[in-house]
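These notes concern the structure reproduced below.
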Amino acid sequence: MKLNHLLSSNWQYNLKKLTNVVKISVLLSVIMTLSSFAHTNVYSQEKISVNVENTEIINILDNIESTTDLRFFYDNDIYDFNKKITLSLNEETIAKAISLIFENNLDFRLKQNVVILEKAELLEKNNKVSTEEDDLEQRVVTGSITDNFGSPLPGATVIEVGTNNGTTSDFDGNYSIAVENDDASLQISFIGFVSQTVNIGDSNIINVQLSPDESSLDEIIVTGYGTTRKGDITSSISVLDLDGVGEKAITDVGQILQGRSAGVRVVQGSGKPGASPTVFIRGISSLSGNTQPLYVIDGVVSYTLGALDPNNIEDITVLKDASAAGIYGAAGASNGVVLVTTKKGKRGNFKVNLNTYTGFSEVINKIPLLNNTQLADYFNDLNPNITLSDQQLSTNNDWQDLIFENAQQSGVNVSVSGGGEKGSFFLGLGLLDQEGIVTTSQNKRYSLSINLDQNINEWLSFGSHFNYTRSNVKGIPDDMGAKFGGAISSALQTPSFQPIYDENGFYTVSAGGGFGLENPLSYIYSDDNLDVISNIVADANFSIKLPYNLTYKTQIGITLNNNRFTRFRDPTVSSIVSAYGGEGQLDNGERARYIFDNTLSYNETFDKHKLAVVVGNSISEENLMSSSQIKRDFASESVTTFNTAAVSLLNTSDAGSWSLESYFARANYTYDDKYSVTTSVRTDGSSRIAPANRWGTFKTFSAGWNLSNESFMDDVNFVTNLKLRAGYGETGNLPSGLNDYANILTVFDYASGDNVVSPGVIPSSQRGNPDLQWETSEQINIGLDFSILNDRVFVSADYYNKKTQNMIFPLALPVSSGFATQIVNLDGFIENKGFELNLNAYLVDEADFSWNSLFNISFNDNVVKDIPGNATIFTTFLQNLGGNLNITKNGLPIGSFWGYNSEGVDPQTGDLIFTDNNGDGAITPEDKQVIGNPMPDFTYGFVNEFSYKNWDLNIVVDGVYGNEIYNTGKQNLQAMRFFENQSADIVNRWRNPGDITEIPRATLVDENGNADINSRWVEDGSFLRIRDISLSYNFDKNVLDALSISGLRLYGNIKNWFTFTDYTGYSPEVNRALAGVDKTATTQGVDYGTFPQSKTFSVGLNIEF
Amino acid sequence: MKSFTIIKKNKKMKNILNVTAILAIMLVFLNSCSDEFLDKAPLNELSAEGFYNTQADAESAIGGIYGKMTETFSGYYKWTHSVWSDMRADNTHAGFVADFINAQLHISRASSNEPHPYAWNENFKFIGEANSVIDNVPGIEDPDFSETEKNSILGQAYFLRGFCYFHLARVFGEVPIQLSNNDSEIFKAKSSQALVYAQVEADMLMAESLLPKEHSSNFKTRARGTKGGAQSILAKVYAEIGNYTKCAEYAGKVINSGVYELLPTFEHLFDDQHKYNRESIFETVHVANNSNIATYASVQMLPPGDFSQYDDPTKKGSSWTVTYHRFNTCSTDLMAAFDEMGDEVRKYSSTLTVSDRSLISEPNYGYGPDEPVSHIYKMGRSGEIFGGSNVMHLRLADIILLRAEALNAIGQTGEAITLLNQVRARVDLAPTTATSKDEVKLAILKERRLELLVENNRYWDLQRYYNDTSAFIAYLNGLTDSSGKSLEYKATSDKIFAPIPQSEIDINPNLVQNPGY
């Protein structure tokens, strides 16, 4: 008789059903509830007292439940629970109570506080099997099945290979199977894990640890307001592989995104310590609104990653297309959504992890400039009256060397995590101390993360996350534009013969520079500034399991950003500052936002149908407050508080508030693991939109077809996991201003008497627009996933087309109308269409050598279409360099470069010959043309992870191709109009008629506009950067044992060491757009004297115990 | 039917109740999110809707315009007007290679550079602000708002609007005319210069009828639109459109109003100690150390370097050492004109000569390599970055000389000489020796040059004097440096007017660029 026949059909059924329960639980709570039943039990000693007459058993049990912590668990069919009995018990054990209540017909098992009632005969027989093993012909194999963390896996299937014989594991993960054959193999499988086949050999105890199947369709993926089984996904969602991130000395979360996912372009525009990169998902789809993705941290919509220490990140999922992101509606989901999950403790796995590293950074390249002799020659060219004295020529300062330094960097992160039977915790502490490569610049960041999870009982669980960072950033003045100084521009333009100090001991001021350019050291040392930025993202959430597979979740999140900026310009250092007795600045800003989400989710599987539904609502409100003060004339440079300053220059404050109210629903239905459809709808109302148009509704629909599960694919072996996806969705974007729809008045001082100032009121230069409404992006996405070579190579390809309509834009009005701008919804649209390809290849997977390779490439084509003719948009006003640089108009990508096309230098005049496009014989603004496109043709990333014995090597390469950069640095350094230092290239300038050269003449007046905006300053911005190489060594177990630790890893990491580019500026990654004066998306690809990036080398140690 | 529950049935009942409760809570919560939650009025700005209700509202609305005209970091009515009047003519040069100024003089494709956006953008902004007063103030129903007060505020709005259109007409010739902020047509084409002048005339006549001769305080009489201010601009308009009879009439109204008289000491006009004096018809008021409305650019008139190195202790600024300076280098022609007239008083008050050439590495437009270089001192006197110097826009001496010019033109040369001599006497100059109409005409031109240096007159004074474009152009192109070498102005007849800012051309499809650009 076979063992599994001994099990009642009923029990079998229930086990199956249990499996489903487990599956669903996994979907809901990632194995939280059922796997928490414990091995030890204090409840067996629980004392029970019952005193009833003629009472239904069900009520007796109820009574016991209400007086003790015990809970009963049983199948209704195994006994007549409505039977009335009379019973008197006083402080008896469970065993005694059970035997009396059920008259020895039922037996029980105790799991934690749950009393599982079973038919006595079943247990007997079960027991008999194990005790009378030798008497039977069948051999019985027992064991436990656990996951990779050692937690039991209940409900795992154990099948004897080649037979119909099988069983499932119980709540403790234990199984017992009577095998038919002596040399049997057991196949152990569990949803979401890689199946294992084990030959039982001589052993009767086979314990199996299953590892999660990350490529599996059963992988659980975090999506908006919930999770989804990977196999059910119908949209474009990218789960980042974060392997090796811990060894990369990464200073900012944005850097993690670099190179790892097609369609996600990360631009590290500034090398300033503390500077975050900008992230573009599938191009730029807004002219004026936010272009950055929406960040959702542990479910809290945050708009920034500032509160996170990259060391505390567990998972990042990117929702790229609208059908995935649409559930976030109008809150900026048009730019994609980045879902970040922070690290949590693992149950029963107490762990301390220490990660520490130290390293240094240095400037990647210097820009070659004129030497003193060449400078003297150039100055003389400009004005023959000028000759440099011998004394001047004896001074030779390399200002780049003077400001750049080898910068130290170190980081320490400690985390403590673990968990008990019902809960887990994670605590992370971090310190980053990073100097910048420009002397004195620095960022010190302190971070703290606390994550808690607790199951309060079977149906209620609680979680809380708290992420806090405090950064102390000391910056240097940079990114101020070409002619207005800043340390970087000044280091290039200050003549080498200029002394560091003047006769009064002040740093020198350039005599020749147009606007009183200070020397770079003056900018740096006269400007003692500190930006103290505190960021908090925190939430508390309760999850309640309800009957009918419903789960209700409520989450309250807060994001809090505080910024205190102090600056003191020292009058003893700079003569300019000395003129006004020092200047102090004190800015304070706070943004506080709360978000309150409520969702009800429903998950059910019946036969071949799977249904997951979530409905919910969300409200959030943000309040902003800032103040700024500037005072001058300090009593002494040694005290910089404002009580010691005489003159108040600025004393102002600002405030704002906005709110968002949303209702959303999503349903995902899968039939037979073959066909999936997902649809969602979200309705948003926001205070930022005029009342008449306040509400907007955003719908998505997508479908997937798992071809691999079709019977006609059964014989196809070279392709597996073949799946087609297609989706359509709408997402929204809000106007960036809080009250753009309103006609407002601004207040401005006026003299109402001699030395008496009163507030005057004038109309704002921005005209109100009561018709203002949402910006909407519609996106279609078609995707194909498959794996080949026995699941060794996974391929995912997507085509998308995103159209942004009702574009919110500050339309420039003719000044003659009395207004300057109006925020409007432009007709026409921005189209971003493209193709993305992700390859993930497990090229080698041997015991002591593995090689995993990820490659992604994305092509994006950005174009503006059908906007009104007068809405041609000019941006990036280059003061004194020729006006507006970027143009946005029909048929062009956003922010194309616009100017005269240079055909080269006229050998007769030494001036540039510009293309006379309209052939009228004169060069007029009508001759301007597109001279460059800041958008790349494609971007790519290539990550290789090697593992050989104890060694791991991880290499990240990324790059862009086909974009152009407008190099204002070059424009300054080859303007040849001012008494400033210039590029070494200008030694080849035109000097005499007949000279054939590419560099025009030096001229003070520049009638021809050689130095103005023209194609000469446009350069190819393509680059390939070996972003990151990290090599780590994992110490052997014997070493670990000797040290009583569980892990020890030593690593070295180099960043940005090799860059292949033709670009002549400091770094081909330029993007001034989102930080400086021009905040609109229409200012792309302009190099503006920004803090250069650095290359970094570091070594680190990771200890775990 | 089989059931398999982790909680017993009656527990389930409780939970159904729980669900119901939670759903109810959700519902309640959702309902509580009323429209109020999404109504967020601006916290940092005033909403225009329903603002104009009281006299105080009207006063702050007109006050705001004066405030913006004195904005620290703006330009036109602080100093860039002198680029158009004096630098574009023969008085001054950009002392260093500030491309946005020199470009104006020399380069045909200058349409994205700075001084004309100052002139265009600021004047139209002020016009929009004045329109807001004209649109809204008549509707104010405030019982405490007297008709006189209402007329005064409206009159000032007409005065300021006309004042701005006057300057636009001078600098750009043809400009669009926008007379209300409620006008739905905002992409307007240009009107002819004659129509713009007609608009100035209409606004100023309206202002003249609404405004008092004097306000309640001397401060307001000098710093606000007045009948005299409107008449002064009318006199200037009539002069520029060639109606010297009316010019003389309106200049006469100002002179005979009894409100104005020449200040005995010329230097007092600009020394910051005699603001709101009896000679002042209209001045804009700056407040020292106020970051919104302090003067800022006046120091840009000054030469580089520490003032302490200059001879005259009274001409020392504060600890001014920075290099935001030297926009207005005096031409050698101007300095020669002072010397030719023997005008020591005004030369001393209006210019500053720097002998230390090491401070000036740039070419100096007419000064030989070893010559001292003069700079405009008149507007930069306070030497403070955030100083409180007022800017004089209309004063009696200007109107006296204008009436002299008009009377001479209509044949009353004798009376013209009397007026001219009044102005000369103040600066210790002997009565003019000119007698014939032409001589007097030239004498008045020369007088105006030295009396009204950088006060927004010279270019148009020359234009009126020559009354012939090619002669005017020939004059400019004939200017030489001290060694007789041409300054190469490259002036042409089609650049009499400034270019419209390219940004405006880009935005407004109905706007046509001025010829020559």
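Everything numeric here is computed off the predicted structure, so don't read it as measured data. Convention: sequence-line order gives letters A, B, ...; per-chain numbering from 1.
Ranked by heavy-atom pairs under 4.5 Å with chain A, the list Asn390(B), Asn290(B), Ile127(B), Thr70(B) is led by Asn290(B). Ranked by heavy-atom pairs shorter than 4.5 Å toward chain A, the options Ile293(B), Leu168(B), Ile177(B) are led by Ile293(B). If you tally non-hydrogen atom pairs under 4.5 Å between each of Gly67(B), Ala223(B), Pro176(B) and chain A, the highest count goes to Gly67(B). Interface remark: of the candidates His286(B), Lys275(B), Lys125(B), Glu185(B), Lys125(B) forms the most heavy-atom pairs closer than 4.5 Å to chain A. Across Ala742(A), Ser659(A), Ser765(A), Gly818(A), the residue that shares the most heavy-atom pairs under 4.5 angstrom with chain B is Ser659(A). With chain B as the partner, the residue from Ser764(A), Gly760(A), Pro814(A) showing the most heavy-atom pairs under 4.5 Å is Pro814(A). Most heavy-atom pairs under 4.5 Å with chain B, from the set Asp654(A), Leu382(A), Val747(A): that is Asp654(A).
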*Walk me through it: do Lys68(B) and Asp749(A) pass the test salt bridge (charged side-chain N to carboxylate O under 4.0 Å, His left out)?*
CA-CA 8 Å; Lys68(B) 288 303 269 189; Asp749(A) 288 352; over 6 Å; no
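By the 4.5 Å heavy-atom criterion applied to side chains, Glu621(A) and Leu38(B) are not counted as neighbours. In this structure, the side chains of Val761(A) and Asp57(B) stay at 4.5 Å or more apart for every pair of heavy atoms. Residues Thr924(A) and Gln513(B) have side chains not in contact (no heavy-atom distance under 4.5 Å, counting atoms from C-beta outward). A 4.5 Å side-chain heavy-atom check between Ser816(A) and Glu504(B) finds at least one atom pair inside the cut-off. Residues Asn755(A) and Val287(B) form a side-chain contact, since some pair of their non-hydrogen atoms from C-beta on lies under 4.5 Å apart.
Only the side chain of Tyr276(B) comes within less than 4.5 Å of a heavy atom of chain A; its backbone N, CA, C and O stay farther away. With a 4.5 Å cut-off on non-hydrogen atoms, Phe819(A) touches chain B through its side chain but not through its backbone. Interface remark: Leu650(A) contributes backbone and side-chain atoms alike to the contact with chain B (heavy atom separation under 4.5 Å). With a threshold of 4.5 angstrom between heavy atoms, Pro759(A) approaches chain B through N, CA, C or O but not through any side-chain atom. For Ala130(B), no part lies under 4.5 angstrom from a heavy atom of chain A. Of the atoms belonging to Asn181(B), heavy atoms from both backbone and side chain fall under 4.5 Å from chain A. The part of Leu660(A) that comes within reach of chain B is its backbone (N, CA, C, O), which places non-hydrogen atoms under 4.5 angstrom from that chain. With a 4.5 Å cut-off on non-hydrogen atoms, Thr746(A) touches chain B through its side chain but not through its backbone. If you measure heavy-atom distances from Phe506(A) to chain B, you find no contacts under 4.5 Å at all. Contacts of Tyr165(B) with chain A are absent, with no heavy-atom separation under 4.5 Å from either backbone or side chain. For Ser648(A), the part sitting under 4.5 Å from any heavy atom of chain B is the backbone (N, CA, C, O) and nothing else.
A pairwise comparison of heavy atoms in Arg767(A) and Asp183(B) identifies NH2-O, 3.6 Å as the closest pair. Of all the heavy atoms in Val285(B) and Ala751(A), the pair that sits closest is CG1-CB, 3.6 Å. Here the closest heavy-atom approach between residue Val815(A) and residue Phe124(B) is recorded as O-CB, 3.3 Å. Of all heavy-atom pairs spanning Asp39(B) and Pro691(A), the tightest one is OD1-CG, 4.5 Å.
In this structure, CZ on Phe37(B) lies 8.0 Å from OG on Ser687(A), to the nearest 0.5 angstrom. The CG atom of Asn292(B) sits 8.5 Å away from the OG1 atom of Thr652(A) when rounded to the nearest 0.5 Å. Between Asn508(B) atom CG and Leu813(A) atom CG the span is 10.0 Å, to the nearest 0.5 Å. Atoms OG and CD1, from Ser132(B) and Ile762(A) in turn, are 9.5 Å apart once rounded to the nearest 0.5 Å.
In this structure a side-chain-to-backbone donor-acceptor pair under 3.5 Å is missing from Arg688(A) to Lys40(B).
No salt bridge links Asp754(A) with Lys220(B); every basic N to acidic carboxylate O contact stays at or beyond 4.0 Å.
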